[in-house]
Amino acid sequence: MHKSWIVFEEWTPSAPSSLEVHADVFSGEEGELLPVLNMQWKVATDASIQFLGGVELSVLQVNSNRQVCAQFDFQNKLPYQVRPDDGRPWNFSFNHFVVQPGLTYQVTVYHLPKLGTDGDQNSKSKPYTVPGCMDPAMKMTEPCLQRGKPHALDLDNPE
């Protein structure tokens, strides 16, 4: 848990300016294909980058209420500038949350330190439903292969 959940900071970053979520396929340690969420977000173009000390990612599986979190603590202060290579704001991504095809997830990105005031938020949240086993990208993932024939147990098309 980040220290700002207990002791509030005087200056904090604002919420991410955008959050995009989509499914992807990742090759596991033994070569198996795993469905993962790919999350991309941008830091607002205000002075947030000066106070951004880390990020907490939360992925909630809606049907089971199971939540998995990852926290990244930035050890060094990030420079307050746009990226010199393309002139756009800071952009972050993460793609290692393994998910199940056909299920819905609530993805939340919290900028740290946490805000110490009620009413405001420095997080952005978005629901996302992972394509089922009939989807060409998901068809060969380990969860779909374990279910058997992709069309027989597809959560998107339960016939």
Side-chain angles (χ1 to χ4, degrees), residues 1-6 12-44 48-49 51-78 83 85-86 88-115 120-159:
M1 178 168 40
H2 192 265
K3 64 182 179 179
S4 66
W5 287 90
I6 299 168
T12 58
S14 58
S17 63
S18 67
L19 172 60
E20 297 298 324
V21 180
H22 67 272
D24 205 353
V25 176
F26 181 78
S27 184
E29 291 180 10
E30 297 179 20
E32 73 279 18
L33 297 178
L34 301 171
V36 295
L37 287 182
N38 186 324
M39 299 163 273
Q40 299 175 343
W41 66 97
K42 292 181 182 177
V43 177
S48 287
I49 198 68
F51 304 104
L52 186 62
V55 175
E56 183 176 298
L57 306 174
S58 169
V59 176
L60 173 70
Q61 189 181 66
V62 174
N63 71 327
S64 70
N65 214 27
R66 181 175 174 248
Q67 186 173 13
V68 178
C69 296
Q71 184 177 317
F72 301 94
D73 187 17
F74 302 151
Q75 297 296 314
N76 298 322
K77 193 171 187 176
L78 298 172
R83 294 179 55 195
D85 56 340
D86 61 12
R88 291 185 282 170
W90 283 83
N91 187 34
F92 294 91
S93 65
F94 185 76
N95 68 348
H96 280 70
F97 278 113
V98 177
V99 293
Q100 293 296 314
L103 296 183
T104 299
Y105 294 85
Q106 185 71 28
V107 176
T108 307
V109 176
Y110 298 91
H111 278 168
L112 300 174
K114 182 183 178 298
L115 287 172
D120 289 332
Q121 295 183 13
N122 61 345
S123 64
K124 190 167 279 281
S125 190
K126 176 180 253 185
Y128 181 78
T129 300
V130 178
C133 290
M134 292 300 288
D135 182 80
M138 293 294 127
K139 193 176 281 191
M140 298 308 293
T141 62
E142 192 65 23
C144 291
L145 293 175
Q146 287 179 358
R147 292 178 188 164
K149 295 181 182 177
H151 67 278
L153 295 172
D154 190 352
L155 296 173
D156 288 345
N157 188 14
E159 295 178 345

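Throughout, numbering of the chain's residues begins at 1 and tracks the sequence.
The structure places NZ of Lys42 at 12.0 Å from NZ of Lys124, a figure rounded to the nearest 0.5 Å. One distance of note links CH2 of Trp41 with CH2 of Trp90; it measures 13.0 Å at 0.5 Å rounding. Summarising the geometry, atom CG belonging to Asn91 is positioned 6.0 Å from atom CD belonging to Gln40; distances are rounded to the nearest 0.5 Å. In this structure, OH in Tyr105 is found 10.0 Å from CG in Leu60, a value given to the nearest 0.5 Å. Atoms CD and CZ, on Glu56 and Phe72 in that order, are 10.5 Å from each other to the nearest 0.5 Å. Of the inter-residue distances, the one linking Leu112 atom CG with Asn122 atom CG reads 7.5 Å to the nearest 0.5 angstrom.
When all heavy atoms of Val62 and Gln106 are compared, the closest pair comes out as CG2-N, 4.0 Å. In this structure, Arg147 and Cys133 approach most closely via the heavy-atom pair NH1-SG, 3.1 Å. The minimum heavy-atom distance between Ser17 and Ala44, with the atom names listed, is CB-CA, 3.9 Å. Across Val130 and Met138, no two heavy atoms sit closer than the pair CG1-SD, 4.1 Å. Shortest non-hydrogen contact noted between Met134 and Lys139 is O-CE, 4.0 Å. The minimum heavy-atom distance between Pro13 and Leu52, with the atom names listed, is CG-CD1, 3.9 Å.
Looking at heavy atoms from C-beta onward, Met39 lies out of side-chain contact with Asn95 at the 4.5 angstrom threshold. With contacts defined as side-chain heavy-atom distances shorter than 4.5 Å, the pair Val55/Leu57 qualifies. The side-chain heavy atoms of Leu19 and Pro16, taken from C-beta on, include no pair separated by under 4.5 Å.
Under the side-chain hydrogen bond (donor to acceptor under 3.5 Å, both in side chains) criterion, Ser123 pairs with no residue, sequence neighbours left out. Not counting sequence neighbours, Ala15 has no partner by the side chain to side chain contact (heavy atoms under 4.5 Å, CB included) test. Contacts of Ser58 classified as side chain to side chain contact (heavy atoms under 4.5 Å, CB included), with partners at least two apart in sequence or in another chain: Gln67, Cys69, Thr108, Tyr110. Residues forming a side-chain hydrogen bond (donor to acceptor under 3.5 Å, both in side chains) with Thr104 (at least two apart in sequence, or on another chain): Thr129. Partners of Ser64 under the side-chain hydrogen bond (donor to acceptor under 3.5 Å, both in side chains) rule, at least two apart in sequence or in another chain, are Gln61. Under the side-chain hydrogen bond (donor to acceptor under 3.5 Å, both in side chains) criterion, Glu20 pairs with no residue, sequence neighbours left out.
Ring geometry, Phe94 versus His96: the interplanar angle falls from 30° to 60°, so the pair is classed tilted.
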Mind listing the side-chain donor-acceptor pairs of residues 21-37 below 3.5 Å, one per line with the distance, residues two or more places apart or on another chain?
{"unit_1": "Glu32", "atom_1": "OE1", "unit_2": "Glu30", "atom_2": "N", "d": "3.0"}

(request) Please lay out, stage by stage, how His111 and Thr12 fare under the test side-chain contact (heavy atoms from CB on, under 4.5 Å). (result) CA-CA 8 Å; His111 278 168; Thr12 58; over 6 Å; no
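Residue pairs that meet the ring-ring contact (aromatic ring centres under 6.0 Å, His included) test with at least one member in residues 125-145, sequence neighbours left out, do not exist here.
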